[in-house]
> 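Dumping the structure here so I can ask a few things about it.
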Amino acid sequence: MAEASRTFHATLFSLPTFSPRFHFKLSYSHSHPSLHLKRARSVQRSISETKTMSLNTTLPWGCDIDSLENAEALQNWLSDSGLPPQKVGINKVEMGKRGLVALKKINRGEKILFVPPSLLISSDSDWSSPVAGHVLKQQNVADLPLLATYLISEANLQKSSRWSNYISSLPREPYSLLHWTRSELDRYLKASQIRLRAIERIADITGTFDDLRRRIFSKHPHLFPKEVFNLVTFRWSFGILLSRLVYLYSMDGKVALVPWADMLNHSCEVETYLNYDKSSQAVVFTTDRAYQPGEQVFISYGKKSNAELLLSYGFVPKQGTNLNDSVELPLSLKISDKCYKQKLKALMKHGLSASSQCYPIQISGWPLELMAYAYLTVSPPSMSKQFEEV
Ligand SMILES: C[S@@+](CC[C@H](N)C(=O)[O-])C[C@H]1O[C@@H](n2cnc3c(N)ncnc32)[C@H](O)[C@@H]1O
């Protein structure tokens, strides 16, 4: 297998998408999450202010999502390209800066959007520069790095790419921990597992880019000039993919960018996800509530903790609004326990160890396994016959 595919294996398996089915192992903070996430929210602003400067000068594509720049052009292009008339439109919103807002009354249980497959961007989309696509596919580059390269290649073509209007509407700087420096991660995510996952993710992306550069880009500089295909543009394209890709369960698990649908913001209160609807042959979602004209329409990006949302999407929901928020509690067996050996034997029978077993605690509850571990650790010697049952 190509090195790039291997390098990206880890990241692919923690890929966030707008789907509950891509709900991987949760990562929780050891310190009080609301404390450092509050800091993270404030640093998000100061970091994006400083970073936008350098990225603005480097990236000649995308837009500033604080404004509605390019939104009208996107909507016109989408309707010319087969998107049917919509009950929602892009507007400025309180949660998520830009979002989709109801233009008419939308009923509960109604399907909306209807994005046709011809508007989906996936690893099998046609390249405007077919030779570049062919070279990458010949080298068995995995889907995610392939898509990241595709996005840069099309972005660089500007008006000559068929995706020009879409790319112009993407954030020039996607909110993402990928843009945080190591000292910012260490400072603001101190003692949080998210810090390690963000460091790993940045290392994965850097490693994947280095591998592509060494094996492919440097050998075909006319197809992949380094002024265009570099770490800055890769961080941008991965930031876009990680915060916007959609997992389409009914399309055999295809992972794609879905223009228009990716303007929907997340709400912890809704339980509805994007999917391909075979009967309408389009990407839709079914509302789980009614919306009045002017109200922002939301989907769910999955049942994720605040830390996970910060890691993949660069935002933290308002304090106390996310019932899926969780913190990981480490439990361990004291070596000074009078029954250490017997208890360890009981734990090992269940594939557990004496040191630091971590369990998620949510507002709504905690796993039975946590209770069992805790019962065992506090059981007195008189209960030694029941250790294994616990
Ligand atoms: C799929 S895009 C949604 C559209 C995005 N607002 C835009 O203007 O391009 C995901 C990004 O939207 C923002 N977002 C989504 N839901 C949010 C929320 N509840 N609060 C704050 N930001 C949110 C985050 O920046 C996230 O990375």
Side-chain angles (χ1 to χ4, degrees), residues 15-19 22 37-38 40-45 47-48 51-52 55 61-75 78 88-101 113 115 120-121 151 163 165-180 198 201 235-248 255-274 283 285 295-325:
L15 179 72
T17 62
F18 301 169
S19 164
F22 260 49
L37 294 179
K38 218 185 278 168
R41 208 183 282 139
S42 67
V43 80
Q44 176 177 303
R45 179 168 302 133
I47 290 169
S48 47
K51 292 283 156 52
T52 309
L55 285 176
W61 54 73
C63 71
D64 171 8
I65 63 162
D66 280 321
S67 74
L68 288 178
E69 194 187 344
N70 304 333
E72 199 183 327
L74 173 74
Q75 292 179 89
L78 285 166
V88 287
I90 299 185
N91 216 331
K92 284 191 177 190
V93 289
E94 216 174 283
M95 237 158 77
K97 303 209 165 183
R98 275 182 324 184
L100 294 186
V101 170
L113 301 184
V115 182
L120 268 46
I121 302 180
L151 206 54
W163 306 112
N165 284 297
Y166 173 61
I167 292 169
S168 304
S169 75
L170 291 174
R172 191 171 291 125
E173 188 193 359
Y175 283 137
S176 155
L177 296 193
L178 298 182
H179 296 293
W180 290 31
R201 203 170 261 189
R235 281 202 180 179
W236 170 80
S237 60
F238 273 111
I240 293 291
L241 295 179
L242 295 174
S243 60
R244 304 179 95 88
L245 273 178
V246 181
Y247 176 77
L248 298 163
V255 178
L257 286 170
V258 186
W260 192 240
D262 68 354
M263 286 293 168
L264 285 160
N265 291 317
H266 166 87
S267 163
C268 302
E269 285 167 21
V270 308
E271 286 218 14
T272 177
Y273 310 93
L274 293 166
V283 174
F285 86 93
E295 275 186 305
Q296 179 173 191
V297 175
F298 292 102
I299 52 164
S300 170
Y301 293 177
K303 295 186 175 183
K304 295 183 164 77
S305 67
N306 286 2
E308 278 218 309
L309 288 169
L310 177 67
L311 176 68
S312 301
Y313 303 97
F315 74 90
V316 180
K318 266 193 198 137
Q319 207 166 356
T321 59
N322 185 3
L323 285 181
N324 298 302
D325 194 19

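In listed order, ligands and their atoms are each counted from 1. Every heavy atom of this structure was used, including side-chain atoms; hydrogens, water molecules and symmetry mates were not.
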> Would you name the heavy atoms of Asn306 and Asp325 that are closest together and state the gap between them?
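Closest pair (atom of Asn306, atom of Asp325, distance): N-OD1, 3.0 Å.
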
> Could you walk me through whether Tyr166 and Asp262 satisfy the side chain to side chain donor-acceptor pair (under 3.5 Å) test, starting with their C-alpha distance in whole Å, then the side-chain angles of each, then the deciding distance to 0.1 Å, before giving a yes or no?
CA-CA 11 Å; Tyr166 173 61; Asp262 68 354; 2.4 Å; yes

> Is Tyr313 in polar range of ligand 1, meaning some N or O pair under 3.5 Å apart?
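Such a contact does occur with ligand 1.
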
> Which atoms of ligand 1 have any heavy atom of Tyr175 under 4.0 Å away?
25 (O)

> For ligand 1, is Val316 a contact, meaning one of its heavy atoms is under 4.0 Å away?
no

> State whether the side chain of Asn265 and the backbone N or O of Met95 hold a donor-acceptor pair below 3.5 Å, judged by distance alone.
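Checking the backbone N and O of Met95 against the side chain of Asn265, a donor-acceptor pair under 3.5 Å is found.
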
> If you measure every N or O of Arg244 against every N or O of ligand 1, does any of those distances drop under 3.5 Å?
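Yes; the residue has a nitrogen or oxygen that sits under 3.5 Å from a nitrogen or oxygen of the ligand.
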
> Backbone N or O of Ser67 within a donor-acceptor pair of the Lys92 side chain at under 3.5 Å?
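No, because the side chain of Lys92 does not come within donor-acceptor range (under 3.5 Å) of the backbone of Ser67.
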
> Give the atom numbers and elements of ligand 1 that come within less than 4.0 Å of a heavy atom of Ser243.
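That gives atoms 1 (C), 10 (C), 27 (O) of ligand 1.
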
> Could you list which atoms of ligand 1 come closer than 4.0 Å to a heavy atom of His266?
15 (C), 16 (N), 18 (C), 19 (N)

> Say whether Phe298 and ligand 1 are in contact under the criterion: heavy-atom distance to a ligand atom below 4.0 Å.
no

> For the 3.5 Å polar cut-off, considering only N or O atoms, please tell me whether Gly96 and ligand 1 meet it.
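Yes, Gly96 has an N/O under 3.5 Å of an N/O on ligand 1.
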
> Would you call the rings of Tyr301 and Phe315 parallel, tilted or perpendicular, where under 30° means parallel and over 60° means perpendicular?
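Taking Phe315 first and then Tyr301, their aromatic rings stand perpendicular (interplane angle over 60°).
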
> Sub-3.5 Å donor-acceptor pair from the side chain of Trp260 to the main-chain atoms of Gln75, do we have one?
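Looks like no, no N/O pair under 3.5 Å.
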
> Does any N or O atom in Asn265 lie less than 3.5 angstrom from one in ligand 1, N or O only?
yes

> Can you name the side-chain hydrogen bond (donor to acceptor under 3.5 Å, both in side chains) partners of Asp64, sequence neighbours left out?
none

> Using a heavy-atom cut-off of under 4.0 Å, does the side chain or the backbone of Leu264 touch ligand 1, or both, or neither?
backbone

> Does Arg235 use its side chain to pair, donor to acceptor, with the backbone of Leu178 at less than 3.5 Å?
yes

> Which option out of Arg98, Lys92, Glu94, Met263 puts a heavy atom nearest to atom 9 (O) of ligand 1?
Arg98

